[in-house]
Number of protein chains: 2
Amino acid sequence: MPTIPPHEDEPRTCRLCSVRSNGICRVLDTSQLARLARHTRSTRHEAGAEVFGDETDITTYANVVSGVIKLMKVLEDGRQQVVGLKFANDFIGRIHAASNALSAEATSEVELCLVPRALMEAMLEENRPLERWLMKETLRELDEAREWMVTLGRKSAAERVASFLYLIALHVNPELGSDTATVEYDLPLTRSDMADFLGLSIETVSRQLTELRRLEIIVIHNKRHVHIPDTERLRQRAG
Amino acid sequence: MPTIPPHEDEPRTCRLCSVRSNGICRVLDTSQLARLARHTRSTRHEAGAEVFGDETDITTYANVVSGVIKLMKVLEDGRQQVVGLKFANDFIGRIHAASNALSAEATSEVELCLVPRALMEAMLEENRPLERWLMKETLRELDEAREWMVTLGRKSAAERVASFLYLIALHVNPELGSDTATVEYDLPLTRSDMADFLGLSIETVSRQLTELRRLEIIVIHNKRHVHIPDTERLRQRAG
DNA sequence: GGCGGCATTTGACCTATGTCATCAAATGCG
DNA sequence: CGCATTTGATGACATAGGTCAAATGCCGCC
């Protein structure tokens, strides 16, 4: 990851922000960045807080600075499904949206950088690289969604839970090849959120975690902290 | 749907093609269309034929002229999941793809209009509306994928089958509101394909169809022809 | 340090859906 | 025209995962 060197004209707030080097701001030049920075607003949400509602008109887009956001769809009778997770540097919001019919909630303490809708759309007009960056992001989201469709449609509970743990492991260490490696992290989701992501019940998630622990594929401390001694074993269990 | 009037300079092959008025060609002006038409190639595939392979490098993109294509993902052990369906006027292919890890097969007799990759990418460079059209298409695909994640993750077999039948009904008649309406069509998928789309076994699909027939929500002739006397009842069953 | 409230785990039980086997109907082929 | 092949329907049975209830562990708070 080549880090863009700090620059005199760069807005102070952006200097240490990873979105600058790894997120949307990466494709902006200094003057564009300055313009953007003049209109962005930073917000913080605690775990569980709703960030965008199901019905709310979209008046701002957002970039995740830190923390994790879950995108959810809810059926009338209350059943819900997490349809996407957003991590640091990810962009949130549907361009040209009529309605997204989708809500966004923080699953952990989250820091966002909000971009007014009008500005974002104006910049997209003018900035071809920005538009292209967004296209790539969207395609990545589509790939992820389809990958997850396989998990939801065809994998067993054991495979789903392993797939999820592996997914997070990949986020912590994107270089996980098929080599043995060790990863350790705090789960960004509660059991309930995991269940909603995996299309399972809380109890099944819990039982599968217990089973993974019994097999010593993972070690869990304090409910949330996961240690994976051998990511390859986990990956095999993920189907 | 405003149909673009035929034009003297318009390539002859495109005159009667619905992609011209409803698909990608809609955002092209006459000269661009002419250029494109000089390099496209029409192909035909029978039901079951593989159109793009899992591993094949993408050398062409395609537009569906008629028929239906299923996009599939396959796990090592052979389990498979349909992750998308492409109907007439839909565009197939992942721009900027490293690999899509996804195969495309005809589920019915299919007619495609192939566009060489290099040309498509060149046109995207020059043609802003084209790029934007593709972005919208991609977002639509993403919405569809997420909608389907809810179906796969949270709906019962009965709801899934109803959802599928309703999905096709919507394709036949996009104006289906919440009013009572009648729709009739031929299923574009075999029971096996439906099962792979719905994350169910063939038998379960078959049984659910039988149940829908028993409830007189649908009438089936010759295995494939479906008549839906009241789409609203079907929608309610779809969850 | 004890208490109340959550999140999680565990257990017992039940049901929806998968699996396997058979049958029936439709389709293609000589 | 009849046989073989494919596709779909149905029945019997097995089981993964859901549901409901209870136990446990953890945390902040008084």
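All chains are named by letter (A, B, ...) in the order of the sequence lines, taking the proteins before the strands, and each is independently numbered beginning at 1.
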Among [options], which nucleotide sits nearest the side chain of [X]?
X: R207(A); options: dG18(C), dT19(D), dG8(D); result: dT19(D)
X: R224(B); options: dT17(C), dT10(D), dG8(D); result: dG8(D)
X: K223(B); options: dA25(C), dG18(C), dT8(C); result: dA25(C)

Give the rounded distance in Å between these two atoms: [atom1] of [X] and [atom2] of [N].
X: R79(B); N: dT19(C); atom1: CZ; atom2: C1'; result: 15 Å
X: H221(A); N: dT8(C); atom1: NE2; atom2: P; result: 17 Å
X: R191(B); N: dA24(C); atom1: CZ; atom2: C1'; result: 14 Å
X: R214(A); N: dT10(C); atom1: CZ; atom2: C1'; result: 15 Å
X: H225(B); N: dA26(C); atom1: NE2; atom2: P; result: 16 Å
X: D77(B); N: dG18(C); atom1: CG; atom2: P; result: 16 Å
X: L187(A); N: dT8(C); atom1: CG; atom2: P; result: 9 Å
X: K155(B); N: dA16(C); atom1: NZ; atom2: C1'; result: 17 Å

Scan [X] against the nucleic acid and name what it touches under 4.0 Å (heavy atoms): base, sugar-phosphate only, or nothing.
X: G48(B); result: nothing
X: S206(A); result: base
X: L209(B); result: nothing

Short N-O contact, D90(A) and R140(A), less than 4.0 angstrom: yes
SB check E141(B) R146(A) (cutoff 4.0 Å): yes
Nearest-nucleotide comparison on DNA chain D, the residue closer to the 5′ end among T204(A) and N222(A): T204(A)
First encountered from the 5' end of DNA chain C, between A157(B) and I202(A): I202(A)
Most 5' of E203(B) and Q208(B) on DNA chain C, judged by nearest nucleotide: Q208(B)
No-hydrogen, no-angle side-chain donor-acceptor test under 3.5 Å, T180(B) and E232(B): no
F52(B) vs I69(B) side-chain heavy atoms within contact, under 4.5 Å: no
From CG (L189(A)) to CZ (F164(A)), nearest 0.5 Å: 4.5 Å
